Amino acid sequence: MSSPVWHPYAHLKTQAPAPKVVGGSGSHFTLESGEQLLDATCSWWCMIHGYGHPRLVAAIREQAGELCHVMLGGLTHDPADQLARELVRITPDGLNHVFYSDSGSVGMEVAMKMALQYQLLIGHPEKCKMLSLMKAYHGDTTGCMAVCDPEEGMHRLFASLLPQHHFAPAPSAPFNATPEQVAYDLAALRDVLASHHHEIAALLMEPLLQAAGGLNMTSPDYLRGARALCDEFGVLLIFDEVATGFGRTGKLFAANHANVTPDIMVLSKGLTGGYLGHAATLASDRVHDAFVGDSAHHAFMHGPTFMGNPLACRVALESLRVFEEERYLDKIAALSQQLSRALMDDSALNAHPAVADVRVLGATAVIEAHSAEALKGVGQFARERGVWLRPIGRWLYTMPAYIATDANITQITDVMKAWFLKR
Ligand SMILES: *Cc1c(COP(=O)(O)O)cnc(C)c1O
């Protein structure tokens with residue numbers, strides 16, 4: 001009998017049997033057959049230290065000996081408290097309050113609910129919709145599905161079930177855009193806000209890098225402009241840094257490229273180094289302080305069972321220590337340069353008729369094809385060359401672990417190029 005495991009995003013009739021992973025070390029995981037694959041995706045972008053990192057494994061073991069779990073309702077513990085302090089320290093100034101949950105989607109649900117209740121509490125019950133961007137991906141729960149790109153996104157099937165929010169065009173100006181290019185994107189954002197701000201609680205975005213919706217990159221000026229527009233129109237700004245957080249765009253957080261502090265920021269994926277599922281929704285004093293009051297409406301009625309799980313918090317603390325002590329931001333800068341040289345500077349790749357665009361930001365590189373058809377079979381092609389690649393639609397990308405060596409990156413970019421250039 002085939003396995004009862006139901007795989008994500010899989011077409012059940014045509015899916016290939018999933019290879020079984022039995023272990024991993026560094027940038028590689030090992031299959032049952034003994035085959036070692038270099039993971040170019042670091043497991044949906046979360047395993048930033050690679051597999052089997054001794055310090056992270058030891059942290060989990062140690063914590064397991066002390067306390068695996070306890071509810072955060074009415075109780076606290078050192079790992080939750082210490083991690084919250086660390087997150088306040090490392091995130092943009094002004095984000096001083098941390099609400100835990102167990103996944104990126106739930107972290108975003110918390111952010112949206114917090115924004116809605118904030119508007120209610122300050123006397124704006126009519127501000128009950130979100131403003132999202134085309135090409136956005138914010139998760140798979142119902143609330144999150146409603147703020148994903150409603151046309152090209154993967155949840156179009158559910159349009160009739162979902163609440164209707166507002167959408168602005170995806171930013172089109174690249175990372176190094178001129179002010180004029182960014183002004184065009186900001187004008188489009190202003191148009192939607194000018195028409196609908198009276199019913200919008202918050203603008204939410206994946207800052208600088210719209211990840212699962214097509215690895216669309218934009219300029220830090222767009223973030224600064226969005227911050228100013230939100231202030232002008234009385235709308236909160238939510239940064240979904242689930243994918244961009246912890247170095248993926250080249251700085252610790254995408255917000256750091258623009259020196260912008262959002263009102264609410266969501267972290268997950270890299271938070272625990274990928275070793276356990278967890279998320280944190282951070283809020284500014286302004287948002288938090290609106291919840292200080294006497295009425296029953298002032299309590300934030302949310303509390304995932306596993307919020308603040310001690311194992312997750314402890315491994316997140318260790319992940320941050322390793323990140324800082326081993327100067328990961330320097331490693332990421334070197335990875336980024338290598339990715340640019342290998343992909344952006346390859347004229348044959350850039351000129352290939354199937355290739356629409358090649359771009360790199362931090363430790364993220366993507367070859368955008370004109371159609372998903374052009375990438376059919378690339379997973380198998382890469383596997384035969386020792387690399388695990390899993391494109392999203394027409395985007396062939398890599399988000400390697402930060403511990404990847406020069407040789408690892410060369411192997412990944414060689415395979416990505418070879419797919420198109422057959423060399
Ligand atoms: C992955 C992702 C999510 C959802 O996180 P899960 O842990 O899969 O629920 C939300 N937002 C962004 C930007 C993501 O990349």
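Since the structure is predicted, the reported quantities are computational estimates derived from the model, not experimental observations. These values consider heavy atoms only, across backbone and side chains, with no hydrogens, waters or symmetry-generated copies.
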**Message:** Within the structure provided, determine whether L131 and V235 are in side-chain contact (heavy-atom separation under 4.5 Å).
**Reply:** no

**Prompt:** Crowded around Y184 OH? As in, over 12 foreign heavy atoms under 6.0 Å?
**Reply:** no

**Nearest heavy-atom neighbours spanning A202 and I238** = CB-CD1, 3.7 Å

**Message:** Looking at E206 and K135, is any side-chain nitrogen of the basic one under 4.0 Å from a carboxylate oxygen of the acidic one?
**Reply:** no

**Prompt:** Is it true that atom NE2 of H11 has more than 12 heavy atoms of other residues, nucleotides or ligands lying nearer than 6.0 Å?
**Reply:** no

**Request:** Give a yes or no answer on whether the side chain of K127 reaches the backbone of G234 with a donor-acceptor pair at less than 3.5 Å.
**Result:** yes

**Request:** For residues M416 and L389, determine if any side-chain heavy atom of one lies less than 4.5 Å from a side-chain heavy atom of the other.
**Result:** yes

**Request:** Report the distance from atom CG of D263 to atom OH of Y118, rounding to the nearest 0.5 Å.
**Result:** 7.0 Å

**Request:** Please tell me if the side chains of L189 and L203 come closer than 4.5 Å, counting only heavy atoms from C-beta onward.
**Result:** yes

**Request:** Give, for atom CD of E241 and atom NZ of K269, the distance between the pair rounded to the nearest 0.5 Å.
**Result:** 12.5 Å

**Request:** Taking the side chain as every heavy atom from C-beta outward, state whether E151 and F167 have any pair of such atoms under 4.5 Å apart.
**Result:** no

**Asked** When rounded to the nearest 0.5 angstrom, what is the spacing between CD in E86 and OG1 in T91?
**Response** 10.5 Å

**Prompt:** Is the shortest heavy-atom distance from the side chain of Q117 to the side chain of H302 under 4.5 Å?
**Reply:** no

**Prompt:** Between D346 and T413, does a side-chain contact (heavy atoms from CB on, under 4.5 Å) hold up when you go through it step by step?
**Reply:** CA-CA 11 Å; D346 188 308; T413 53; over 6 Å; no

**Flag if over 12 foreign heavy atoms under 6.0 Å of NE2, H69** = yes

**Message:** Atom CE of residue position M71 - does it have more than 12 heavy atoms of other residues, nucleotides or ligands inside 6.0 Å?
**Reply:** no

**Message:** Donor-acceptor pair, distance only, cut-off 3.5 Å: does the side chain of S336 make one with the backbone of I332?
**Reply:** no

**Message:** Any heavy-atom pair between the side chains of P92 and N256 that's under 4.5 Å?
**Reply:** yes

**Message:** How long is the straight-line distance from OG1 of T281 back to CE of M112, given to the nearest 0.5 Å?
**Reply:** 10.0 Å

**Message:** Do F306 and L311 make a side-chain contact, defined as non-hydrogen atoms from C-beta onward lying under 4.5 Å apart?
**Reply:** no

**Asked** Using the benzene-type ring in the case of Trp, are the ring centres of H53 and Y275 under 6.0 Å apart?
**Response** no

**Message:** With rounding to the nearest 0.5 angstrom, report the CG to NZ distance, L329 to K251.
**Reply:** 8.5 Å

**Item:** Minimum heavy-atom distance between W45 and A211, given as atom pair plus value
**Value:** CZ3-CB, 3.4 Å

**Prompt:** Do T142 and E109 pass the side chain to side chain donor-acceptor pair (under 3.5 Å) test, and can you show the C-alpha distance, the side-chain angles, and the key distance before you say yes or no?
**Reply:** CA-CA 9 Å; T142 310; E109 297 280 353; over 6 Å; no

**Asked** Is the Lys NZ or Arg CZ of K422 less than 6.0 Å from the centre of W419's six-membered ring, within 45° of the axis?
**Response** yes

**Request:** Could you pull out all residues at least two apart from Q380 that satisfy side-chain contact (heavy atoms from CB on, under 4.5 Å)?
**Result:** R383, E384

**Request:** Flag the pair F239 / F253 as yes when their ring centroid distance falls below 6.0 Å, and as no otherwise.
**Result:** no

**Message:** Can you see whether Y51 engages D39 through a side-chain donor-acceptor pair at a distance of less than 3.5 angstrom?
**Reply:** yes

**Message:** Is it the case that the side chain of H352 and the backbone of F420 share a donor-acceptor pair, with hydrogens and angles ignored and the cut-off at 3.5 Å?
**Reply:** yes

**Request:** Keeping the roles fixed (side chain from Y137, backbone from M154), state whether a donor-acceptor pair exists under 3.5 Å.
**Result:** no

**Message:** Has K417 got a side-chain atom pairing as donor or acceptor with A342's backbone, closer than 3.5 angstrom?
**Reply:** yes

**Prompt:** How far apart are the C-alpha atoms of L271 and L87, what are their side-chain angles, what is the distance that settles it, and do they pass the side-chain contact (heavy atoms from CB on, under 4.5 Å) test?
**Reply:** CA-CA 10 Å; L271 172 65; L87 293 176; 4.0 Å; yes

**Message:** For the backbone of A10 and the side chain of Q15, can you confirm whether one donor and one acceptor N or O come within less than 3.5 Å of each other?
**Reply:** no

Show me the donor-acceptor pairs within less than 3.5 Å that the side chains of residues 354-365 make with the rest of the protein, sequence neighbours left out.
residue : atom : partner : partner atom : Å
D357    : OD2  : R359    : NH1          : 2.7
R359    : NE   : L215    : O            : 2.9
R359    : NH1  : E368    : OE1          : 2.9
R359    : NH2  : G214    : O            : 3.1
R359    : NH2  : L215    : O            : 3.0
R359    : NH2  : E368    : OE1          : 2.8
T364    : OG1  : R248    : O            : 3.4

**Asked** Do I90 and E324 come within less than 4.5 Å of each other through their side chains, counting heavy atoms only?
**Response** yes

**Request:** May I ask you to decide if M134's main-chain N or O and Q210's side chain share a donor-acceptor pair within less than 3.5 Å?
**Result:** yes

**Asked** Between K129 and E199, does at least one N-O distance fall below 4.0 Å, as a salt bridge requires?
**Response** no

**Request:** Indicate yes or no for a side-chain donor-acceptor contact from T218 to the backbone of L208 under 3.5 Å, with no hydrogens or angles considered.
**Result:** no

**Asked** Should the pair F29 and W388 be assigned to parallel (<30°), tilted (30 to 60°) or perpendicular (>60°) ring geometry?
**Response** perpendicular

**Message:** Less than 3.5 Å apart, any donor N or O on the side chain of T261 or D93 sitting next to an acceptor on the other?
**Reply:** no

**Asked** Does the T410 side chain pair with the main chain of D406, one donor and one acceptor, at a distance under 3.5 Å?
**Response** yes

**Asked** Among Y328, Y402, F323, which residue meets the ring pair (Phe, Tyr, Trp, His ring centres under 6.0 Å) test with H49?
**Response** Y328

**Request:** With side-chain contact (heavy atoms from CB on, under 4.5 Å) as the test, would you mind laying out the steps for V287 and H97 before giving the verdict?
**Result:** CA-CA 9 Å; V287 171; H97 310 275; over 6 Å; no

**Prompt:** Does E232 offer a backbone N or O that forms a donor-acceptor pair with the side chain of H197 under 3.5 Å?
**Reply:** no

**Request:** Kindly check if the number of other-residue, nucleotide or ligand heavy atoms within 6.0 Å of CZ (R327) is above 12?
**Result:** no

**Request:** With rounding to the nearest 0.5 Å, note down the distance linking OG1 in T272 to CG in L267.
**Result:** 11.5 Å

**Message:** One pair to check against side-chain contact (heavy atoms from CB on, under 4.5 Å): S27 and I403. What are the steps and the verdict?
**Reply:** CA-CA 7 Å; S27 292; I403 49 105; 3.5 Å; yes

**Request:** Indicate whether the side chain of T405 and that of N408 have a donor and an acceptor atom separated by less than 3.5 Å.
**Result:** yes

**Message:** What I want to check is whether the side chains of T178 and Q181 have a donor and an acceptor closer together than 3.5 Å.
**Reply:** yes

**Message:** Ignoring hydrogens and geometry beyond distance, is a side-chain donor-acceptor pair present between H155 and D149 at under 3.5 Å?
**Reply:** no

